[in-house]
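In what follows, a single structure is set out as structure tokens and then discussed.
Lettering of chains follows the sequences in order, A, B, ..., and the numbering in each one begins at 1.
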Amino acid sequence: MNSSQRKDNWIKIFFASNAVTSIIILGLITLFLFKEGIEFFGQYRNDLQRYRKSGMEYATVVTKQHDEQTLLYRYLENILSKETEALEVLKSDNAKRTEAENNTKSLLELTREFQDIKELLLVYEKQVVKWAAETKLFLLTQNDLIEIKEEAIKSGLPEEDFSQSLDELMQRKYFSYKELARWQNYFIRNQREDLAKRINPTVGSESGTEKKGEINCLTPLIQSSAGKDYGDIIAKQKVEFSSLIKSYKPSFLIQESLRDFQKAQAALFEYLDSAALYQERLSNWDPTTPYPLNRAFSGFLLGKDWVTNSARQDWYGILPLLSGSLLVSMIALALAIPFGVGSAIYVNQVATAREQSLIKPCIEFISAIPSVLIGFFGIAVLGGMVSLVADERLNSLTAGFLLALMTVPTIFTLAEDSLNNVPRSLRDASLSLGATRWQTCARVIFPSAITGIISAVLLGFGRVIGETMVVLLCAGNRIAIPDFNSGLGVFAQPVHTMTGIVAQEMGEVEFGSIHYRALFMVGIALFLIALLVNLLSQNIAGRYKANY
Amino acid sequence: MQEALKATSENSQSLMDSKNNAPSIRIKELDFLYGNNQVIHDVSLDIFPKEVMAFIGPSGCGKSTLLRCLNRMNDLVDGARIGKGSIEIHGVNLHHKSVDVIELRKKVGMVFQKSNPFPKSIYQNVAYGLQIQGIKSKQVVDGKVEESLRKAALWEEVKDRLNENAYGLSGGQQQRLCIARTLAVEPEIILMDEPCSALDPVATGRVEELILELKNEYTIVVVTHNMQQAGRISDRTAFFYLGKLIECDQTKKIFLNPNKQQTEDYISGKFG
Ligand SMILES: Nc1ncnc2c1ncn2[C@@H]1O[C@H](COP(=O)(O)OP(=O)(O)OP(=O)(O)O)[C@@H](O)[C@H]1O
Ligand SMILES: [Mg+2]
């Protein structure tokens with residue numbers, strides 16, 4: 001092998017290794033994302049299992065039921081406040097005044113009594129939530145202790161104080177704070193701070209000082225109370241609610257109130273009928289039934305709530321974030337496509353050379369503006385303008401506008417390229433047949449460039465959905481599925497996005513926790529969307545090249 | 001030289017007048033410039049109905065430019081303008097403000113050097129010129145498409161694949177498709193800029209036959225570098241050199257017995 005061949009080989013190896021490195025890095029990123037993310041489902045399932053086992057699931061149903069009653073109460077309160085207002089307007093010498101005063105008084109009494117009856121369930125609900133919270137704490141502690149014990153066995157620590165066997169730990173129905181503190185000391189003595197840290201003899205205490213007493217598993221208590229107490233309360237409420245509403249003689253100052261009252265009455269009867277459903281659900285509640293793994297999958301993919309750091313239960317449903325991201329992207333694209341493609345057509349077909357040399361760099365410069373500055377502009381200027389038409393300054397419209405601004409260069413440049421790639425000869429052919437400039441553009445040039453333009457739009461979409469800073473600053477960051485029923489109002493709702501949530505929460509989550517892994521799953525979802533968009537646009541662009 | 005030139009064109013004019021024919025196209029003392037670069041110098045030339053006029057001359061002498069002036073395709077070029085003189089078609093000055101370019105181009109069709117069908121079906125390519133005129137009736141369009149393809153001697157080859165993409169045709173077929181596309185808008189004059197330069201001899205032969213066929217109905221101006229071709233298809237030939245019209249006469253005369261030494265040198269291949 002002579003020296004020039006050897007040199008050739010080295011050059012080949014250099015370039016090949018560059019290509020291979022980037023492929024390997026892409027592979028590693030993918031692998032890392034999936035490795036961190038995929039454990040989420042198991043953890044989430046266990047968490048949901050605890051939610052059931054602790055009785056928190058039960059408590060949540062009771063809460064829901066109480067909320068429904070509260071809603072009914074609000075109806076009455078509303079009527080009351082309207083009536084009181086009307087009463088105040090009445091002149092003191094009006095003959096009707098006394099009668100009206102009496103009516104309002106009896107309405108007030110009705111409202112109060114309603115609240116008293118409602119209170120029965122509220123008291124019960126508070127009790128159950130308290131039990132469930134303590135049980136959940138117990139389950140978490142038990143889970144931790146089992147893990148710590150396994151670790152201690154593995155690393156061969158002496159038994160001494162922490163002599164409980166795994167079986168014993170699993171059978172336990174309570175842990176006293178005293179023993180927890182003792183075990184913590186034991187690990188500290190054995191120089192296992194990492195394990196000691198996981199035992200917390202102060203959890204559940206408000207002051208953070210060491211606590212007396214114990215953490216109990218109270219599920220049996222909830223179960224037994226569900227059998228009797230709950231049934232008693234609901235039966236009692238039912239009797240009292242219906243006799244209360246039947247004994248009330250409605251008589252109001254304003255006509256509207258009567259209609260409102262009838263509505264409230266109908267709603268109450270409807271509720272009383274449906275109360276049986278709650279009862280059925282609760283009597284079927286069984287803390288020992290296992291939570292299936294696919295519920296963890298569907299809970300993530302189809303879950304409508306993203307709730308973290310909640311006292312009761314965290315929910316990791318991606319829908320509010322996904323829909324927020326998509327809404328913002330759609331707004332951005334709806335604005336950026338006409339602007340980007342329109343200016344590409346103008347620059348390519350109409351503009352003089354001078355105009356071209358002015359417009360092109362200007363548009364391309366937009367993409368050089370740091371996104372945090374665009375976010376600044378959104379908060380300071382655009383938000384004010386948007387608030388003229390919407391309730392809030394920062395919402396999907398604000399973010400959509402800014403993202404549109406950021407995508408116009410992407411779409412413009414690529415669309416202009418693909419228009420430029422349409423051979424001049426096609427334009428000449430069309431013009432020589434007597435077509436006007438616009439006919440030529442619409443019927444020959446644009447259709448010939450359409451695949452390129454579509455892939456420009458797709459890449460623009462990829463850019464938008466992956467953009468973080470602007471949505472974090474300007475989308476309003478309210479985690480809720482936008483209400484698509486509200487017509488145009490949907491654009492004025494603040495949303496949160498997939499990128500935004502990762503950027504916002506990743507910094508403060510505990511490494512390895514469910515929340516941490518849930519964020520990774522969101523990242524994976526983003527990754528898949530980006531991958532899909534890219535493949536699609538490459539596919540389309542490839543077809544486009546084959547054309548000429 | 002100037003005088004000689006005038007003499008030539010008067011010569012041919014009297015010849016045509018004897019046939020009692022007014023010229024279709026009359027180019028009068030035309031100067032044409034790209035920016036400050038004058039590429040056509042004082043050209044006067046008449047082209048008569050239903051004749052085939054060939055433009056010959058060395059590369060860069062302005063043949064394409066002159067051809068493109070005839071349907072104002074040069075309007076698209078920044079800075080392209082007429083210095084002096086005029087072009088008239090049936091006595092109407094092409095560059096007058098009142099002239100509708102769109103109408104002009106329908107009347108003066110053009111076939112390009114490289115075949116340039118649209119990336120559409122064969123049918124769509126031919127129907128294009130009609131559709132942009134707003135003709136919707138399928139019957140009319142269908143009829144016209146068939147007629148044009150027949151005239152372009154392509155019908156038999158493509159009648160079963162009208163809806164296939166035009167890029168599936170061979171080079172020669174594509175060029176004939178472009179001719180059919182031009183015929184569909186019913187032009188009176190057809191301009192062809194080296195229509196066969198990208199074709200093999202067989203395909204070239206077919207296009208030449210086609211031109212001879214079309215001559216019965218259309219006035220044709222064809223630019224060519226191929227002397228034999230000019231001899232085979234044209235009635236008259238104009239020889240250009242450095243933007244000037246050196247000589248224009250009956251093709252036979254130009255080839256056998258040109259008036260100018262330059263013409264003879266070019267035809268005999270001494271330069272160009
Ligand atoms: N669009 C244009 N802008 C500026 N100058 C041009 C343009 N098109 C042609 N020219 C110039 O005008 C002159 C004549 O060009 P033209 O294309 O008419 O020559 P031609 O005789 O057709 O040559 P060929 O036989 O090589 O096709 C050339 O010097 C050319 O550089
Ligand atoms: Mg040319």
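Proximity to chain A (any heavy atom under 4.5 Å) is shown, for B:P187, by neither the backbone nor the side chain. Only the side chain of B:L76 has a heavy atom closer than 4.5 Å to any heavy atom of chain A. Proximity to chain B involves both the backbone and the side chain of A:S430, based on heavy atoms less than 4.5 angstrom apart. Heavy atoms of B:M73 lying under 4.5 Å from chain A belong exclusively to its side chain. Of the atoms belonging to B:E103, not a single heavy atom falls under 4.5 Å from chain A. For chain B, no part of A:R437 is nearby; none of its heavy atoms comes within less than 4.5 Å.
When all heavy atoms of A:Q439 and B:Y128 are compared, the pair lying nearest together is O-OH, 4.0 Å. Closest heavy-atom contact between B:I102 and A:A435: CD1-O, 3.6 Å. When all heavy atoms of A:L426 and B:P119 are compared, the pair lying nearest together is CD1-CD, 3.7 Å. Among all heavy-atom pairs drawn from A:A429 and B:F112, the shortest one is CA-CE1, 3.8 Å.
Few gaps surround OH on B:Y34; more than 12 heavy atoms of other groups in view lie less than 6.0 Å from it. Annotation: B:Q139, atom CD; neighbour count of heavy atoms from other residues, nucleotides and ligands within 6.0 Å does not exceed 12. The number of heavy-atom neighbours closer than 6.0 Å to CD1 of A:I11, taken from other residues, nucleotides and ligands shown, is above 12. Annotation for B:Q38: atom CD counts as buried by contact number, over 12 foreign heavy atoms lying within 6.0 Å. Within a 6.0 Å radius of CZ in A:F527, more than 12 heavy atoms belonging to other residues, nucleotides or ligands are found.
Counting heavy-atom pairs closer than 4.5 Å to chain B, the top residue among A:T352, A:L433, A:T436 is A:L433. Per-residue counts of heavy-atom pairs under 4.5 Å with chain A were compared for B:Q133, B:R72, B:R181; the largest is that of B:R181.
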Could you go through the side chain to side chain contact (heavy atoms under 4.5 Å, CB included) check for B:V101 and A:L431 one step at a time? CA-CA 10 Å; B:V101 192; A:L431 290 173; over 6 Å; no

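Rounded to the nearest 0.5 Å, atoms CZ (A:R443) and NZ (B:K120) are 7.5 Å apart. Interatomic distance, CG of B:N116 versus OG of A:S432, reported as 7.5 Å (0.5 Å rounding).
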